[in-house]
Amino acid sequence: MEKTQIYQDTFRIQQNECDFRNEMMAAAFLRRAQQIGIDQCNAIGLNNELYEKTNTAFLLAKSAIELFKPVTVNEVLTVKTIPSAAKRAVYNRIVIFYNEQGQEVAVYDSRWVLVDRTARRILRTPPAEMGTPFTEPAERELDFSIEKTELPFEQKMIAGYSVCDCNGHINNTRYADLICNFVSAQEFENKKIKKMVLLYHKEIPFGAEFELKRGKQTENQIYFVAQAQQKKCMEANVVFAPIKKGE
């Protein structure tokens, strides 16, 4: 099957994607990035039917989003996704968001692995029915490094209905909502999110109890960990930037 290297779409920012400043939230960018990746895969036949037939799935290992310019409700953005060939069994997918002036407002990067769903084993060679998903090398990458700190603050949580998806566990984009909800209104008062990095270690299933831990804010960033049954499931950094005059 033919693999289209670049895939793009346009969308209008909805009110429910915006925060208290009426600006598009980091989590909303993550959901848009997730959806265009799904749309591209469906368009070239990498769909649920094929995954069922081959007993495979793409699992997200890590993601990062950098926000360059604020965008508000009703603005129209163009979103372009560029997946890359596997490198040591890891697939890169970059997603770029442009405003109507053609300026980059955000860039999202992610790393995926193809696995055998029964054996939970990473596949270095895709099944024959899948062909070779994407063939070009990655031309752009974000930094996924995380600064770890002590975690003095903790919230007990449950993986509830509103954060879980059809895979039966917390959707990767919902972690962005959960960690932002752990940042106070006072902490958001004079700054906004500049970058977010999320590393995914283990799924938290629907209905499971877990702890969301956070560190103190140091040099405009905060470290987070989601933990279930004393095992680290997700860790993240949120990096803030001061609000510039006129924003």
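Qualifying side-chain hydrogen bond (donor to acceptor under 3.5 Å, both in side chains) partners for D143, counting only residues two or more places apart in sequence or in other chains: S145. For D109, the salt bridge (Lys or Arg N to Asp or Glu O under 4.0 Å) criterion is met by R111, not counting sequence neighbours. Residues satisfying the salt bridge (Lys or Arg N to Asp or Glu O under 4.0 Å) criterion with R32, sequence neighbours excluded, are E17. With sequence neighbours excluded, the residues forming a ring pair (Phe, Tyr, Trp, His ring centres under 6.0 Å) with F240 are F188, listed by chain and number. Every residue two or more places apart in sequence or in another chain that forms a salt bridge (Lys or Arg N to Asp or Glu O under 4.0 Å) with R214 is listed here: E187. Under the salt bridge (Lys or Arg N to Asp or Glu O under 4.0 Å) criterion, E147 pairs with no residue, sequence neighbours left out. Qualifying side chain to side chain contact (heavy atoms under 4.5 Å, CB included) partners for A89, counting only residues two or more places apart in sequence or in other chains: I122, R124.
Put simply, L212 and Y175 are part of the same group of oily side chains (I, L, V, M, F, W, Y) that touch within less than 4.5 Å, one to the next.
Checked by atom type, the side-chain pair N22/Q15 shows a donor-acceptor distance below 3.5 Å. No side-chain N or O of S84 forms a donor-acceptor pair with one of R93 less than 3.5 Å apart. Side-chain contact annotation: D39 with Q35, donor-acceptor N/O pair under 3.5 Å present. For the residue pair S63 / Y200, a side-chain donor-acceptor distance below 3.5 Å is found, with atom types taken as modelled.
Applying the ring pair (Phe, Tyr, Trp, His ring centres under 6.0 Å) definition to pairs two or more places apart or across chains, those involving residues 37-60 are F58-Y91. Residue pairs satisfying the side-chain hydrogen bond (donor to acceptor under 3.5 Å, both in side chains) criterion with at least one member in residues 151-160, sequence neighbours excluded, are listed as follows: E154-K156, E154-K213. Here ring pair (Phe, Tyr, Trp, His ring centres under 6.0 Å) pairs that include residues 94-124, with residues two or more places apart or in two chains, are F29-F97. Note on residues 139-165: no pairs pass ring pair (Phe, Tyr, Trp, His ring centres under 6.0 Å), not counting sequence neighbours. Judged as a salt bridge (Lys or Arg N to Asp or Glu O under 4.0 Å), the pairs with a partner in residues 159-186 (not counting sequence neighbours) are, in order, R31-D177, R174-D177.
Salt bridge annotation for K194-E66: absent, with no cationic side-chain nitrogen under 4.0 angstrom from a carboxylate oxygen.
The distance from the CG atom of N55 to the CG atom of L50 is 11.5 Å, given to the nearest 0.5 Å.
The closest side-chain heavy-atom distance from I158 to F206 is not below 4.5 Å.
A donor-acceptor pair is defined here as one N or O able to donate and one able to accept, closer than 3.5 Å; no such pair exists between the side chain of Q221 and the backbone of T218. Remark: the backbone N or O of A85 is not paired with any side-chain donor or acceptor of N92 at under 3.5 angstrom.
Summarising the local packing, CD of Q229 is surrounded by 12 or fewer heavy atoms from other residues, nucleotides or ligands at distances under 6.0 Å.
Across every non-hydrogen atom of C180 and M196, the tightest pair is SG-CE, 3.7 Å.
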